[in-house]
Each structure stands twice: as structure tokens, then as C-alpha cells.
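Lettering follows sequence order; numbering is per chain, from 1. These values consider heavy atoms only, across backbone and side chains, with no hydrogens, waters or symmetry-generated copies.
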There are 2 protein chains.
Amino acid sequence: MRIGELAERTGVSRRLLRYYEEQGLITSSRALNGYREYKESHVDVVLQIKGLLDAGLPTRIIQQLLPCLDKPQTIYVPNVTPEMIVTLQCEQARLSERIESLTRNRDAIADYLDTVLSVKSANAKSRATS
Amino acid sequence: MRIGELAERTGVSRRLLRYYEEQGLITSSRALNGYREYKESHVDVVLQIKGLLDAGLPTRIIQQLLPCLDKPQTIYVPNVTPEMIVTLQCEQARLSERIESLTRNRDAIADYLDTVLSVKSANAKSRATS
DNA sequence: TTAAACACTCACATTGATGTGAAGGTCAAG
DNA sequence: CTTGACCTTCACATCAATGTGAGTGTTTAA
């Protein structure tokens, strides 16, 4: 598929798809006319990138992460450097921190909404009986 | 306390503290000489802001969120607009999405590390017996 | 064959979160 | 009274993620 379709199917602009490629997050083959050609699998990869980016990870980290997040991963196992392992462990820890922080805040919002909404419904009742 | 101490205790640069104030995330009183004065409670608020920012939320959202994340919140309940509730619900959903995405990816990293490390230890054993 | 839709590269603009530095005021200690 | 460590504002710089547009080539379909 070409860039337009990929953009449409992922919700990521053409501009950004080219940017991701420039940043080494995705690759593409080129047709004879120079157009980028993508495979089905790119859809998922782009969505994953989108998710990570949206989660606040910078592209250079994502670039390191991506090769490890593939499903049939066993092939890549042997040539992993110890530094890479350390990087991943750090990143894993950072992700956990983020998750915790986000969860805390989401729960706080939830609590707040609960309170607000219960008060509102109580008010509605008291208005009904007055 | 003054800005230097707050910076040190929160790990947020003076520059950023002023920026947060400019963005309406925190307030400060001024001493006679014009110096900013902060209270103990600012430490927690700044840490919370840091967490949210680090979690990828933009300041303008944090600004809307903050008043709702206070503990003694019941006072503020009455004057909440319906739009605000909608905003919060949206933001809550977005947070959940982020959390999901982050969790998925963290688990993928964990799986990868597990695989890598188990292979490594297997290799170590086979080297030992050869 | 021409127009519309799509692709390409290149480059400049913007936004948000930061850093950095200049020019100057305040205050405490020597 | 001076020096050093604070503080102030202001402004310019940077970086990553994006947008936007110009200028040009390609494919598609009327």
C-alpha cells in the first residue's frame, strides 16, 4: 500500500509517516516511480509507534524498543548487548513509574467525578421534592 | 520557602517553576522584595504537576485537572460546569488508553527480557558443560 | 489529453517544554 | 563595603513532534 492508505488506516498523517521513517522507526521499499510501498504489517507497527509516542516516549527510545516488541522475537535474541538489556530494564522501570502516576491521577479524577455526580443527583432529588 | 528550595526539593528547575506559574499551574505570594514565597504544600503540588507532565499531559489540561485533584474537594463541587465534567471524562478515558498502551508495551518488554535472560542463562550452562 | 488526486523532496513555521544568559536588585557574611 | 549567593524579568535558543506550502513528477479516470 502507499502512504496515503497507510495514513488513513492508522490516523497518522503522511508527514508524520515520513518523519517516522526519517527517525528510523519504520522502513519502506520504493516503487519504480519513487513512491513508498508499505506492507500490511506496517499498520500495526505504526499504531504501536503512535501508542508509544502518545504515551510520551521519545522517538529515539522507541527506535531502541521496537525491535524487541515484535512477536517472533526469538531470532533476535542472540545479538543483544548487555547495554541494550540495561536500557530496556531502565525503560521498563520508567514505564512502570509512568503507569503508576497515570493510574493515581486517573483514579483521583474518577473519585472526583463520583463525588460530583452523586452530589448532582442528590440535588436533583431534593429539587424534585421541593 | 523561596524558589531555590522548592526547586531543590522537587527536582524541578527554577525556570520551570516560573513557567508553571506563568501557565497558571501554581501560584505564589511575593515577599516585600519581590521574591516568590511558597508554602510546604507547594512541594506536593509541584510533584504532582511533574508527574502529570511526565505522563504526557499538556499544561492546559493539567490546569483544568488540578483543582479537582485536591483532597478536600467537596467545597469545589457545586460550581462545576457540565463542560468541565465532560472534559474530565474525556481526559479520564485518554488516561486509561495511555495506561493500557503503556502496560501493553511494558509487558512486551518484560516478555522480551525474560526470553533473552533465560536464553542467556541456558547458554551459560551449556558453556559450562562443554 | 487534460484534470484531479496522489506522490516526492525541501524548507520554513509553530507549539510546548525546557535551557541559558544578560542585566540588575537583595541580602548575609567577611 | 564588597563579594557571593540568592532573587527578579526578559529574551533568545533548542529539541521533538507536527503543520503547511511550494515546486514538481505520476497515476487515474473522465
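Take A/R14 and apply the salt bridge (charged side-chain N to carboxylate O under 4.0 Å, His left out) test, not counting sequence neighbours, and it matches no residue. Not counting sequence neighbours, B/R18 has no partner by the salt bridge (charged side-chain N to carboxylate O under 4.0 Å, His left out) test. Annotation: side chain to side chain donor-acceptor pair (under 3.5 Å) contacts of A/R9 (sequence neighbours excluded): A/E5, A/E40. The ring pair (Phe, Tyr, Trp, His ring centres under 6.0 Å) check on B/Y38 picks up B/H42, with sequence neighbours excluded. Not counting sequence neighbours, the partners of A/S28 by the side chain to side chain donor-acceptor pair (under 3.5 Å) test are A/E21.
The existence of a salt bridge linking A/R94 and A/E91 is confirmed by a sub-4.0 Å separation between a basic side-chain nitrogen and an acidic carboxylate oxygen.
Remark: nothing in residues 38-52 of chain B comes within less than 4.0 Å of DNA chain C through any heavy atom.
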One character per nucleotide, please: for nucleotides 17-30 of chain D, 5' to 3', B when the base has a protein heavy atom closer than 4.0 Å, S when only the sugar-phosphate does, - otherwise.
BBBB----BBS---
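As a whole-Å value, the separation of B/I3 CD1 from D/dT9 P is 9 Å. The nearest whole Å value for the distance from the CD atom in A/E8 to the C1' atom in C/dA5 is 13 Å. B/R30 has its CZ atom 17 Å from the P atom of C/dG25, to the nearest Å. What separates CD of B/E21 from C1' of C/dA17 is a distance of 17 Å, to the nearest Å. For A/R14 and C/dC8, the CZ to C1' distance is 12 Å, given to the nearest whole Å. Taking atom CG on A/L17 and atom P on C/dA7, their separation rounds to 10 Å, with Å as the unit. Nucleotide D/dA16 holds its P atom 11 Å from the CD atom of A/E22, rounded to whole Å.
Between B/R18 and D/dT8 there is a side-chain N or O to OP1 or OP2 distance below 4.0 Å.
By the neighbour-count criterion of 12 heavy atoms within 6.0 Å, atom CD of A/E8 is sparsely surrounded, having that number or fewer from other residues, nucleotides or ligands.
Sorted pairs that involve residues 16-35 of chain B and meet ring-ring contact (aromatic ring centres under 6.0 Å, His included), not counting sequence neighbours, are lacking altogether. For residues 99-110 of chain A, the pairs satisfying side-chain hydrogen bond (donor to acceptor under 3.5 Å, both in side chains) are A/N105-B/Q48, A/R106-B/S96, with sequence neighbours left out.
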